[in-house]
Amino acid sequence: QSLRAITLDIEKNTQFQSANPNVNFDKKTVITFGGEITVKIQGESTTQLTANNMQATSPEWSSDGKKICFISSKDGDEDIYVIDENGSNLMQLTNNESNDYNARWSPVIEGIEEQAHKFEGTLFFKDSFDSNLERWSYFPNWNLQNGELSGYVIGDTVVTEPIIVKDIDYSNCQIETKIKVTQRFEPLNVAGIVVRYNPQKGFYKLSIGGESKNSIVLLKYDGNDWITLSYSTGDFALNRWYKVRFEIQDNFLKGYLDDELKVAAIDDQFTEGKIGLHLSDSMANFDDIKVYTTKKVYLQNQTQKTVEVKNF
């Protein structure tokens, strides 16, 4: 199955037959008129796809001509949306105080499962949350309850307040954990894993828990703005345990939900950093985290040095 990503990288926009990304295979042109997304069919009619004062700009067809991404400032800042060519399945992909702009469809990522070699690492860290959080750096909104890690967050504090494994920077790694979202205060994705985390420079985030049409998303924080790298639709339910796995190997990023590959992207901006868990506008429980890594990690002591991985 092909996976598509929405990125801010216009240089990757190579899949269109037309030189104009506003024109799809069927000679349909997407424009904004009066702040709404409108499709014009050559020599025929014009159809308005959105309503409710979307304040839409920068519409662009996907490479298969079936979806349109665009920017909307209806909530006061610019966020990325996607809608089907017939006006159905309007989906908001980003929701934060920063402006998200210049959204572009990246090329289809064919065979990424084969391109990124199967991850073969050594178990380096695990925690079943049965005793204490001495190996974690965290804020008071995180605590242990009945052998599980419990968190409660109002607002999006993933940049400054995730719970992070202390003292170790990881490069290539695989993190898996169980997540159960018990309450959600916003409709977007609310709980997940952060990798190569550096709050000043940026990091990658795999997040689940959105409404049923947007169940898992892979994002990048570049130090200023959130960028959606890949997303997948599907069903999601509150108060149910999900197994979530985030693999990052060189510039290949892959996200799994219940052992099924859901999102994937290619990005090389960040090469190492800490790993952790995050919440945004929600309450959730985590359990049984395991971190596998390849031959080297970086320990942050007085002098950072490379050490061989040993079994946990």
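Everything numeric here is computed off the predicted structure, so don't read it as measured data.
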Is there a donor-acceptor pair closer than 3.5 Å between any side-chain N or O of Ser171 and the backbone N or O of Thr271?
-> yes
Going through the distances and angles, do Ile179 and Trp241 end up as a side chain to side chain contact (heavy atoms under 4.5 Å, CB included)?
-> CA-CA 5 Å; Ile179 302 176; Trp241 285 106; 5.5 Å; no
Check: Ile216 and Leu206 side chains under 4.5 Å, non-hydrogen atoms | yes
Does some side-chain heavy atom of Leu218 sit less than 4.5 Å from a side-chain heavy atom of Lys205?
-> no
Just one of Tyr170, Trp136, Tyr292 clears the ring-ring contact (aromatic ring centres under 6.0 Å, His included) bar with Phe125, so which one?
-> Trp136
Minimum heavy-atom distance between Phe70 and Thr57, given as atom pair plus value = CB-O, 3.5 Å
Ignoring hydrogens and geometry, is there a side-chain-to-backbone donor-acceptor pair from Asp250 to Phe252 under 3.5 Å?
-> no
Looking at NZ of Lys274 and CG of Asp169, how far apart are the two atoms once the value is rounded to the nearest 0.5 Å?
-> 4.0 Å
Atom CD in Glu272, atom CD1 in Ile168: separation rounded to 0.5 Å?
-> 13.0 Å
Note, Val217 side chain near Ser230 side chain (heavy atom, < 4.5 Å) = no
Arg135 side chain to Lys126 main-chain N or O, any donor-acceptor pair under 3.5 Å?
-> yes
Residue pair Gln249, Asn172: steps toward the side chain to side chain donor-acceptor pair (under 3.5 Å) verdict = CA-CA 5 Å; Gln249 185 163 312; Asn172 293 342; 5.6 Å; no
So, the side chain of Tyr221 versus the backbone of Gly223: is there a donor-acceptor pair under 3.5 Å, distance only?
-> yes
CG of Asp84 to CD1 of Ile68: how many Å apart, nearest 0.5 Å?
-> 8.5 Å
For atom NZ of Lys74, decide whether the heavy atoms of other residues, nucleotides or ligands shown that lie under 6.0 angstrom number more than 12.
-> yes
Could you pull out the closest heavy-atom pair between Asp222 and Asn224, with the gap in Å?
-> OD1-N, 2.9 Å
List the steps and the verdict of side chain to side chain contact (heavy atoms under 4.5 Å, CB included) for Val153 and Ser280.
-> CA-CA 6 Å; Val153 172; Ser280 300; 5.5 Å; no
Supply the atom-to-atom distance Asn146 CG to Asp287 CG, rounded to the nearest 0.5 angstrom.
-> 10.5 Å
If we only count heavy atoms from C-beta on, is the Lys67 to Glu85 side-chain gap below 4.5 Å?
-> no
May I ask you to decide if Met283's main-chain N or O and Thr182's side chain share a donor-acceptor pair within less than 3.5 Å?
-> yes
Where do Val181 and Ala284 come nearest, in terms of heavy atoms and distance?
-> CA-CB, 3.9 Å
Are the side chain of Ser72 and the backbone of Met54 linked by a donor-acceptor contact shorter than 3.5 Å?
-> yes
Applying side chain to side chain contact (heavy atoms under 4.5 Å, CB included) to Lys243 and not counting sequence neighbours gives Glu176, Asp258, Asp259
Which heavy atom of Leu277 sits nearest a heavy atom of Pro162, and at what distance?
-> O-CB, 3.2 Å
Main-chain N/O of Asn86 paired to Ser88 side chain as donor or acceptor, under 3.5 Å | no
Once you round to the nearest 0.5 Å, how far does CZ of Phe246 lie from CZ of Arg196?
-> 8.5 Å
Residues Trp142, Leu279; criterion side chain to side chain contact (heavy atoms under 4.5 Å, CB included); working and verdict | CA-CA 10 Å; Trp142 297 92; Leu279 287 176; 3.7 Å; yes
Taking the side chain from Thr122 and the backbone from Phe124, do they hold a donor-acceptor pair closer than 3.5 Å?
-> no
Can you find a pair of side-chain heavy atoms, one from Ile193 and one from Val244, that are under 4.5 Å apart?
-> yes
What do the steps show when you test Phe129 against Phe286 for ring pair (Phe, Tyr, Trp, His ring centres under 6.0 Å), and what is the final call?
-> CA-CA 9 Å; Phe129 302 114; Phe286 298 77; 7.8 Å; no
Quick one: are the ring centres of Tyr204 and Trp226 less than 6.0 Å apart?
-> no
Verdict with supporting geometry, Phe203 and Asn198, side chain to side chain contact (heavy atoms under 4.5 Å, CB included) | CA-CA 6 Å; Phe203 52 91; Asn198 182 312; 6.0 Å; no
Keeping the roles fixed (side chain from Asn251, backbone from Asp267), state whether a donor-acceptor pair exists under 3.5 Å.
-> no
Cationic N near anionic O, under 4.0 Å, Asp281 to Arg184 = no
Would a 4.5 Å heavy-atom cut-off, applied to side chains only, mark Ile275 and Tyr197 as touching?
-> no
Which atom names give the shortest non-hydrogen contact between Leu261 and Tyr256, and what distance separates them?
-> N-CD2, 3.4 Å
Is there a donor-acceptor contact under 3.5 Å from the side chain of Arg245 to the main chain of Ile175?
-> no
Cationic N near anionic O, under 4.0 Å, Glu247 to Lys254 | yes
Value for CG (Leu133) from CG (Leu149), rounded to nearest 0.5 Å, stands at 6.0 Å
Closest non-hydrogen atom pair, Leu49 against Ile83 = O-CD1, 3.8 Å
Taking the side chain as every heavy atom from C-beta outward, state whether Ser207 and His278 have any atom pair closer than 4.5 Å.
-> yes
Going by heavy atoms in the side chains, are Ser137 and Ile163 under 4.5 Å from each other?
-> no
Begin with the C-alpha distance, continue with both residues' side-chain angles, and end with the deciding distance and a verdict on side chain to side chain donor-acceptor pair (under 3.5 Å) for Ser73 and Glu78.
-> CA-CA 4 Å; Ser73 57; Glu78 295 181 326; 5.7 Å; no
Answer yes or no: does atom NZ of Lys166 have more than 12 heavy-atom neighbours from other residues, nucleotides or ligands under 6.0 Å?
-> yes
